[in-house]
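Remember, it's 1-based here, ligands and their atoms both numbered in the order they're listed. Index from 1, following the sequence. Keep in mind it's a predicted model, so treat the numbers as computed, not measured.
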Amino acid sequence: MQLESITLREIRLPLRDPFRISSGVTTERRILLIEARDVDGATAWGECVALADPNYSPEMIDTAWTIIRDVVAPRVLGTTIESAREIHAMLEVDFRGNEMAKAAIEMTAWALEAEILGVPLAELLGGTRKTIATGISLGLLPTSDALIAKARESLDAGYHKVKIKIKPGQDFDYVRETREALGPDAPLMVDANNAYTLDDTAHLKQFDSLGLMMIEQPLDWDDVIQHSKLQQELETPICLDESITSVAHARTMIELDAGRIVNIKPGRVGGFSESIAIHDLCERNSIPVWCGGMLESGIGRAHNVALASLSNFTLPGDLSPSARYWAQDIVDPEWTMDASGNVEVPWGKPGLGVEIDRNRIEALTVRSEIVRQT
Ligand code: OSB
Ligand code: MG
């Protein structure tokens, strides 16, 4: 495989409802799409998960655009490789950070390889699951009544996990009322997106009484050590999201018992190769993983669904159907969830397993740039 060109494209997709987390709000999703073409004319699509602002990780759409154009693309264009498996290592040589920019190209190359081989991306990644249990991530809502209504509606729709965003002042009572309303068996978890410090340990210990599946990323986005101290005080498993940007960080998490579950977002960890390495390491250490989301379009969703078909993705993923986010997605068919809350892995189709709605993408594009082999 040899990449001949990489096209960057920004589209804007309005979310049906604004999505608020402790570190920021998204109303219209600015999405950086990638299209890669190899010298024989095969093409594949990918998506960079960076948000419009650097409030989740240091990366944002505009920095990722520059890094992809000026650093990532020149490294991979024109180089003959046996497999997309080689790209992660190529992008690590004297090239720090920028995992989302690296992942966008690495993951697109995997999709291209699947396309060329005529196999489903899930198969190329080593996946086995036919369907994946789906969870929903509910942004911060103004009142506990609004939260209870949304959570109830989600469980009725079949979702296997309801993730509740929390922040100081909108946390324990808000979640306790939801637990009381929905009963002891409702599969609930919380995600703080770094909103607390170790000074809040006593406060966070109260959450142990709520029977939560996990508490996601309560402390700093780049911390593992403080999480280890907190985990020793909590019965509820900590799940790390922001902190795990590489298999090395996952190893540190395990060695320090800083978390007992990992939310793997391939776009956050530099792509599929690193995701598989984290998945395998966690599997060997009896740490369950699940696939998180970044409000992706149907293209990013296809990548995530393929990854979540691997064996150790034993917990429900943030893989909500297209209609939960958008009035209309950019893929056909749109992603759906069946009445038992599962998303189907498109095993019958090669590559991403969905058609890309190129006309709609053209209509939504606000800028594009093509980088060619020099
Ligand atoms: O912390 O998992 C997160 C969205 C944007 C940034 C961070 C997060 C999220 C979500 C959304 O929780 C999950 C989804 O895509 O449905
Ligand atoms: Mg999270």
Side-chain angles (χ1 to χ4, degrees), residues 13 15-32 47-61 64 99-100 103 132-141 147 150-151 154 157 159-167 188-196 212-223 227 237-245 253 259 261-269 289-305 307-308 315-326 329 335 337 341 343:
L13 270 187
L15 280 162
R16 285 191 143 168
D17 301 305
F19 189 78
R20 185 178 298 280
I21 67 179
S22 69
S23 52
V25 63
T26 306
T27 45
E28 182 184 58
R29 185 75 167 91
R30 292 176 58 195
I31 299 177
L32 168 46
E47 177 167 343
C48 179
V49 300
L51 301 175
D53 298 300
N55 56 14
Y56 168 84
S57 82
E59 293 181 85
M60 59 192 277
I61 295 254
E99 289 83 8
M100 293 177 175
I132 297 154
T134 305
I136 190 167
S137 173
L138 298 178
L140 284 159
L141 292 162
L147 170 61
K150 277 275 181 207
S154 305
Y159 280 108
H160 292 266
K161 178 175 78 135
V162 175
K163 165 161 132 180
I164 301 169
K165 295 288 185 177
I166 56 168
K167 66 170 189 184
L188 304 180
M189 62 166 289
V190 294
D191 184 0
N193 291 104
N194 334 270
Y196 300 92
L212 301 175
M213 298 168 80
M214 67 194 93
I215 174 166
E216 183 173 337
Q217 198 71 36
L219 308 180
D220 272 350
W221 69 277
D222 62 347
D223 167 75
H227 279 105
I238 290 176
C239 168
L240 293 185
D241 173 359
E242 282 90 330
S243 297
I244 306 299
T245 52
M253 181 202 89
I261 297 172
V262 179
N263 169 341
I264 299 183
K265 296 176 181 172
R268 189 197 64 225
V269 304
V289 305
W290 54 281
C291 185
M294 290 293 289
L295 311 174
E296 288 92 346
S297 77
I299 292 176
R301 175 69 72 252
H303 287 264
N304 287 352
V305 165
L307 179 69
L315 293 167
D318 282 344
L319 301 167
S320 294
S322 304
R324 179 235 181 310
Y325 308 97
W326 327 111
D329 206 335
W335 292 95
M337 179 177 88
V343 54

Tell me whether Ser137 has any N or O atom under 3.5 angstrom from an N or O of ligand 1.
yes

Lys265, any N or O under 3.5 Å of ligand 1 N or O:
yes

Please check if the side chain of Glu59 supplies one atom and the backbone of Ala64 the other of a donor-acceptor pair under 3.5 Å.
no

Nearest protein heavy-atom contact for [atom]: which residue, which atom, what distance?
atom                    : value
atom 13 (C) of ligand 1 : Gly293 O, 3.5 Å
atom 16 (O) of ligand 1 : Tyr325 OH, 2.5 Å
atom 6 (C) of ligand 1  : Met294 SD, 3.7 Å

In terms of atom number and element, which parts of ligand 1 are under 4.0 angstrom from non-hydrogen atoms of Phe19?
4 (C), 9 (C), 10 (C), 11 (C), 12 (O)

Asn193 neighbourhood, listing ligand 1 atoms whose heavy-atom distance to it stays under 4.0 Å:
1 (O), 3 (C)

By atom name, which N, O or S atom belonging to Asp241 lies closest to the Mg ion (ligand 2)?
OD2

Nearest to the Mg ion (ligand 2) - the N/O/S atom of Glu216, by atom name:
OE2

Pairing donors with acceptors under 3.5 angstrom, does anything connect the side chains of Tyr325 and Asp17?
no

Can you confirm whether the side chains of Glu47 and Ser297 place a donor and an acceptor under 3.5 Å from each other?
yes

With a cut-off of 2.8 Å, does any N, O or S atom of Asp191 fall short of it relative to the Mg ion (ligand 2)?
yes

More than 12 heavy atoms of other residues, nucleotides or ligands under 6.0 Å from CZ of Arg20: is that the case?
no

What part of Thr26, side chain, backbone, both or neither, has a heavy atom within less than 4.0 angstrom of ligand 1?
neither

